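In listed order, ligands and their atoms are each counted from 1. Computed from heavy atoms alone, side chains included, the values below leave out hydrogens, waters and symmetry copies. Treat the numbers as computed from the prediction; the structure is a model and nothing was measured.
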Amino acid sequence: MKTLRTQVGIVGAGPAGLVLSQLLHLQGIESVMLEARSRQYCEERIRAGVLEHGTVDLLNQIGAGRRMQREGMVHEGVELRFNGQGHRIDFRELTGKTITVYGQHEVVKDLINLRLSEQAQIFFEAEQVRISEFENAGNPTIRFLHHNEDYEVHCDFIAGCDGFHGVCRPSVPAGTLTLYERIYPFGWLGILAEAAPSAEELIYCYHERGFALHSMRSPSITRLYLQCNPNEDIASWPDEKIWAELQKRLEGPQGWLLNEGAVIQKGVTGMRSFVVEPMRCGKLILAGDAAHIVPPTGAKGLNLAVADVYVLARALESHYKTGNGALLDAYSETCLRRVWKVQRFSWWMTSMLHRFKDENRFDAKRQIAELDYVTSSRAASQTLAENYVGFPLS
Ligand code: APR
Ligand code: PHB
């Protein structure tokens, strides 16, 4: 058995865990990270790809932004498409801010490289991860198996950054956390295609056959999504069927064409809104998807994870430098204010743009009226824009 001692034990090397360990490192606070998957798996896992301006600034500030600055695509707006017509929401004009399109796995790759170049201790492929003694005055401990060797990490705090399916949240004694949840009666079927994007910006499309989204990863790779059944079998969606459906839903003004190409990745994701309160139990602090999930309409997941660990890193800094625990005590409340605003926005975007099984003709008319309002009223467009580009990191 190997025993390690550190200040903060971080479970999970997704965006939350990685950004946290870098922020702590910059403050001279030590951490050890353990991750269930391999480095390659983490670096290749396809997720969303929209960064709020605040996320971009933070990645730059912590030294993880060099490739993002070169390869990320700065977008000044998005299109909402309905009834075959596009309506642009101009972020720069409405908020003075922009977003950056850059895949989450690229962010993860850059952060892992950065952390390892600074001799960070990251255990990939950690098995049987367990946490204990984090309640109250205990001695927080993380145990795991790595390359057939047992490890024990003793730390001051455990950061539960292990995503929705991780071990940290379920390790909290029953009755301590309150769960808030909404599961949507649909999912997204997503593809990556070797095709040049068909527009310069993202297109969120409301269509009677269901929602569709045009996004991108580079000038030669398009990312596209279709609303589908929550448990859709991807095997029943050959590429031709996916393209035919995308062509129908994304139909635009005369002369607009959806570029097709070889499909290089495809999958189905379910959609849920989920929050636990509080985001802390004693010396276990939850951040990112471990504490909350948003549906992907609006691409807030990564940004919300980054906002949590920004708050957490500042609180830990204050604790270690001045002995003042006030920011740590306020961590959950501080994060949850943003979390619930982002939950509201993601739910609202999802509700406005998808077809619901139990809806009637009234609902469909109401959705169109809402889209018409959002795209024709400056006040309403600005509300969407302000939420989309993201609130400042507090
Ligand atoms: N032990 C160690 N690591 C674990 C365990 C475990 N038992 N369970 C899960 N993990 C790892 C996962 O393999 C993953 O790498 O924790 C990491 C959690 O990362 P994410 O799921 O990416 O979550 P987070 O860092 O909070 O980032 C939120 O990711 O899920 C997307 O769309 C979401 O964009 C959002 C972002
Ligand atoms: C993506 O590019 O993967 C993406 C973009 C916008 C979203 C969700 C996903 O709302």
For [atom], what is the nearest protein heavy atom, given as residue, atom name and distance?
{"atom": "atom 7 (N) of ligand 1", "result": "V167 CG1, 3.4 Å"}
{"atom": "atom 9 (C) of ligand 1", "result": "D162 O, 3.2 Å"}
{"atom": "atom 13 (O) of ligand 1", "result": "E35 OE2, 2.6 Å"}
{"atom": "atom 19 (O) of ligand 1", "result": "G14 CA, 3.4 Å"}
{"atom": "atom 26 (O) of ligand 1", "result": "D289 N, 2.8 Å"}
{"atom": "atom 6 (C) of ligand 1", "result": "A36 CB, 3.9 Å"}
{"atom": "atom 25 (O) of ligand 1", "result": "A16 N, 2.9 Å"}
{"atom": "atom 36 (C) of ligand 1", "result": "Q104 NE2, 3.6 Å"}

Hey, are [Y] and [X] close enough side-chain-wise for a donor-acceptor pair under 3.5 Å?
{"X": "E232", "Y": "W237", "result": "yes"}
{"X": "E277", "Y": "W340", "result": "yes"}
{"X": "Y225", "Y": "R223", "result": "yes"}
{"X": "T55", "Y": "N303", "result": "yes"}
{"X": "N83", "Y": "Y206", "result": "no"}

Using a heavy-atom cut-off of under 4.0 Å, does the side chain or the backbone of [X] touch ligand 1, or both, or neither?
{"X": "V129", "answer": "side chain"}
{"X": "P15", "answer": "both"}
{"X": "L34", "answer": "backbone"}
{"X": "P296", "answer": "neither"}

State the [atom1]-[atom2] distance between [X] and [Y], to the nearest 0.5 angstrom.
{"X": "E260", "Y": "L224", "atom1": "CD", "atom2": "CG", "value": "9.5 Å"}
{"X": "D289", "Y": "D308", "atom1": "CG", "atom2": "CG", "value": "9.5 Å"}
{"X": "L51", "Y": "M68", "atom1": "CG", "atom2": "CE", "value": "6.5 Å"}

Would you mind listing each N/O atom of ligand 2 next to any protein N/O under 3.5 Å, plus the distance?
from     : atom 1 : to   : atom 2 : distance (Å)
ligand 2 : 2 (O)  : S215 : OG     : 2.6
ligand 2 : 2 (O)  : R217 : NH1    : 2.9
ligand 2 : 2 (O)  : R217 : NH2    : 3.4
ligand 2 : 3 (O)  : R217 : NH2    : 2.8
ligand 2 : 3 (O)  : Y225 : OH     : 2.6
ligand 2 : 10 (O) : Y204 : OH     : 2.6
ligand 2 : 10 (O) : P296 : O      : 2.8
ligand 2 : 10 (O) : G298 : N      : 3.0
ligand 2 : 10 (O) : A299 : N      : 3.3

What are the atoms of ligand 1, with element, lying closer than 4.0 Å to any heavy atom of [X]?
{"X": "G301", "value": "34 (O), 35 (C)"}
{"X": "G288", "value": "26 (O)"}
{"X": "R37", "value": "13 (O)"}
{"X": "V11", "value": "1 (N), 2 (C)"}
{"X": "G166", "value": "8 (N)"}
{"X": "L302", "value": "34 (O), 35 (C), 36 (C)"}

Would you call [X] and [Y] a salt bridge, using N to O less than 4.0 angstrom?
{"X": "R88", "Y": "E201", "value": "yes"}
{"X": "R115", "Y": "E118", "value": "yes"}
{"X": "R209", "Y": "E245", "value": "yes"}

Q.
Check for me whether the distance between the ring centres of Y180 and F274 falls short of 6.0 Å.
A. no
Q: On the 0 to 90° scale, with breaks at 30° and 60°, tag the F211-Y204 ring pair as parallel, tilted or perpendicular.
A: tilted
Q. Can you tell me if C161 has a non-hydrogen atom under 4.0 Å from ligand 1?
A. yes
Q: Could you tell me whether ligand 1 has any atom less than 4.0 Å away from a heavy atom of R45?
A: yes
**Q.** Closest candidate by heavy atom, reference atom 22 (O) of ligand 1, pool Q128, E127, H292, R47
**A.** R47
Q: Could you give me the CA-CA distance, side-chain angles and deciding distance for E333 and R337, then say whether salt bridge (Lys or Arg N to Asp or Glu O under 4.0 Å) is met?
A: CA-CA 6 Å; E333 205 181 318; R337 279 192 71 196; over 6 Å; no
Q. Does any pair with a residue in residues 68-83 pass salt bridge (Lys or Arg N to Asp or Glu O under 4.0 Å), and if so which ones, sequence neighbours excluded?
A. R67-E71, E76-R92, E79-R81
(Q) Between L316 and V11, is there shared hydrophobic-cluster membership here, with clusters defined by ILVMFWY side-chain heavy atoms closer than 4.5 Å? (A) no
